[in-house]
Number of protein chains: 2
Amino acid sequence: MNSKTHIVILGLLSEEPLSGYDIKKLIDIRFRFFWSESYGQIYPTLKKMVNEGLVKALSQTKDNRGKQRYEITSLGRKTLTLWQAQEPEKESLRLELFLKMYFSLGSNPHILINYIKSFQSSHTQDLMILNSFKKELSSIPDPYQNHQNILSVIEFGVKTNTAYLQWCQETLSQLEGSHESR
Amino acid sequence: MNSKTHIVILGLLSEEPLSGYDIKKLIDIRFRFFWSESYGQIYPTLKKMVNEGLVKALSQTKDNRGKQRYEITSLGRKTLTLWQAQEPEKESLRLELFLKMYFSLGSNPHILINYIKSFQSSHTQDLMILNSFKKELSSIPDPYQNHQNILSVIEFGVKTNTAYLQWCQETLSQLEGSHESR
DNA sequence: GGGACCATGTAAATAGTTACATGATTAA
DNA sequence: TTAATCATGTAACTATTTACATGGTCCC
């Protein structure tokens with residue numbers, strides 16, 4: 001009954017009321033380097049959570065158009081606290097690129113090079129997003145005194161993405177070097 | 001009809017016939033830092049793949065006990081080649097630790113420290129496994145000339161795990177430093 | 001004889017993606 | 001006016017985990 005989707009939603013709502021759409025956007029930006037959710041998960045989960053008493057739908061105001069916002073209940077906060085005390089589950093990663101690379105028996109190295117290049121540009125962008133989030137964070141007040149923890153999370157993203165890009169550079173120059181053909 | 005589980009299995013079988021159990025072990029060791037599968041995926045998938053003509057069950061010999069091994073068919077190889085030519089899907093990661101960290105409003109920092117320590121020891125182990133796989137690889141022949149690619153994959157694991165451990169050290173000393181209480 | 005690990009599997013529940021549908025609003 | 005983005009949702013499918021069950025073998 002507490003799927004991880006429940007938890008991310010509760011966590012985000014613990015700071016301020018949000019709509020399903022807002023929640024998706026926040027996950028895509030702030031958590032992009034270690035988490036993801038789809039609309040198909042978020043909207044049905046929000047409805048379930050209303051029934052379970054974890055969140056409450058706010059009444060609509062004129063200024064927020066069709067937007068349905070939700071706020072966390074005290075039961076929701078309790079649930080979040082209980083989750084905090086439990087050992088995190090073993091992380092799960094799925095990077096298909098490395099499957100392609102591992103199994104690329106004699107396939108054209110140019111194909112692989114292109115895959116790596118798009119991996120590279122996608123993580124270059126991640127790094128940019130992380131840096132702007134970092135800057136944004138330092139310009140706003142820290143009422144919950146959680147900025148230090150958030151900065152640590154960002155720092156994790158910076159370090160891993162930097163490692164990714166380092167690997168891309170090395171691997172690309174190796175593949176391209178070993179393949180200066182014609 | 002080609003789930004990623006199909007693909008990992010085909011990839012592994014493209015080098016040699018294996019049983020479901022073998023496949024699981026190989027994924028757990030070689031791919032642990034970027035992929036995972038459970039028995040509940042592997043066994044039913046193998047059966048499906050027999051029906052689809054992608055793999056063939058080998059007859060049992062006396063020396064391999066109850067072990068049912070499978071070999072890849074030519075259709076299986078064709079499928080693998082087709083997959084190679086398709087752009088890899090966006091990777092998916094789920095690291096619950098960072099959710100805990102991001103949402104740890106005023107919860108006991110010792111809890112967080114423990115989570116990070118177990119993350120640290122798990123990735124210290126990953127790094128050891130990677131290094132021994134690397135050593136093993138250099139001591140065996142390279143009939144398919146794919147060792148360079150495999151080494152690149154290993155190098156990715158080394159780099160990311162090293163980044164993880166670097167982050168653990170920094171974050172732990174920060175958390176412990178800011179918390180020399182009593 | 002017992003514990004660790006080899007070995008295969010199934011059922012039930014849960015999780016998650018994808019494609020589709022709909023309509024409003026904003027900015028060029 | 002038209003494209004982008006805001007905003008919510010559902011249905012069908014696919015994927016995945018987990019718990020359970022069973023029995024063999026190897027080594028101490």
Side-chain angles (χ1 to χ4, degrees), chain A residues 1-9 12 17-29 31 34-52 55 57-70 83 86-94 96 99, chain B residues 1-10 12 17-29 31 35-52 55 57-70 83 86-94 96 99:
Chain A
M1 237 24 35
N2 344 8
S3 70
K4 296 299 138 59
T5 306
H6 278 66
I7 293 298
V8 204
I9 292 176
L12 288 171
L18 297 165
S19 69
Y21 194 79
D22 295 336
I23 289 168
K24 168 72 171 154
K25 291 294 130 191
L26 282 173
I27 294 171
D28 284 352
I29 292 175
F31 301 163
F34 70 88
W35 205 266
S36 63
E37 295 289 346
S38 66
Y39 286 122
Q41 280 287 98
I42 291 170
Y43 286 114
T45 302
L46 277 168
K47 295 213 154 170
K48 264 181 245 159
M49 291 171 80
V50 171
N51 292 327
E52 295 164 357
V55 302
L58 291 178
S59 55
Q60 262 139 308
T61 57
K62 337 88 213 145
D63 56 310
N64 60 6
R65 299 181 296 177
K67 194 182 264 198
Q68 176 57 67
R69 296 196 306 152
Y70 297 84
W83 163 79
Q86 289 167 251
E87 187 81 16
E89 280 171 24
K90 175 73 190 149
E91 65 265 18
S92 88
L93 318 193
R94 292 197 144 194
E96 199 184 358
L99 241 32
Chain B
M1 246 5 55
N2 353 12
S3 70
K4 297 300 137 62
T5 306
H6 278 64
I7 293 297
V8 206
I9 292 176
L10 287 175
L12 288 172
L18 296 166
S19 69
Y21 193 80
D22 295 337
I23 290 169
K24 168 71 171 153
K25 292 295 126 183
L26 282 173
I27 294 171
D28 284 352
I29 291 175
F31 300 163
W35 205 267
S36 62
E37 295 289 346
S38 65
Y39 286 122
Q41 282 287 98
I42 291 169
Y43 286 113
T45 302
L46 277 168
K47 295 212 155 173
K48 264 181 245 159
M49 290 171 79
V50 171
N51 291 328
E52 294 163 356
V55 302
L58 292 177
S59 55
Q60 263 139 306
T61 56
K62 338 85 216 149
D63 56 311
N64 60 7
R65 297 181 296 178
K67 195 182 264 200
Q68 176 56 69
R69 295 195 308 151
Y70 297 85
W83 163 79
Q86 289 166 252
E87 187 82 17
E89 282 172 23
K90 175 74 189 147
E91 66 264 21
S92 88
L93 318 192
R94 291 198 146 194
E96 198 184 359
L99 241 33

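Each chain gets a letter, A, B and so on, in the order its sequence line appears, and its residues count up from 1.
Within 4.0 Å (heavy atoms only), B:Lys47 reaches sugar-phosphate atoms of the nucleic acid but no base atom. When heavy atoms are screened at a 4.0 angstrom cut-off, A:Gly20 is found touching the sugar-phosphate backbone but no base atom.
Residue B:Arg94 has a polar side-chain atom (N or O) positioned under 4.0 Å from OP1 or OP2 of C:dG16. In terms of phosphate contacts, B:Thr5 brings no side-chain nitrogen or oxygen within less than 4.0 Å of OP1 or OP2 of D:dA15. Side-chain N/O atoms of B:Tyr21 include one lying less than 4.0 angstrom from OP1 or OP2 on C:dC6. Between C:dA15 and A:Gln41, no contact under 4.0 Å exists linking OP1 or OP2 to a side-chain N or O. At the phosphate of C:dT18, neither OP1 nor OP2 sits under 4.0 Å from any side-chain N or O atom of A:Ser38.
Atom CD of A:Glu89 and atom C1' of D:dT18 are 11 Å apart (whole Å). Across the protein-nucleic acid pair, B:Lys48 atom NZ and D:dT16 atom C1' stand 11 Å apart, rounded to whole Å. Put simply, CD on A:Glu37 is 16 Å from P on D:dG9, counting in whole angstrom units. Nucleotide D:dA15 holds its P atom 8 Å from the NE2 atom of B:His6, rounded to whole Å.
In the helix from C:dG1-D:dC28 to C:dA28-D:dT1, the rotation axis of the first five pairs and that of the last five pairs differ in direction by 40°, rounded to 10 degrees.
Closest contact between the side chain of A:Tyr43 and the listed nucleotides C:dT8, C:dT10, D:dA7 involves D:dA7. The listed nucleotides are C:dA15, C:dA7, C:dT8; the one nearest the side chain of A:Ser3 is C:dA15.
A:Glu37 places no side-chain N or O within 3.5 Å of a backbone atom of A:Lys24 that could act as its donor or acceptor partner.
Ring planes of A:Phe31 and A:Phe34: tilted class, angle from 30 to 60°.
For the residue pair B:Ser19 and B:Gln68, no side-chain donor N or O sits within less than 3.5 Å of a side-chain acceptor on the partner.
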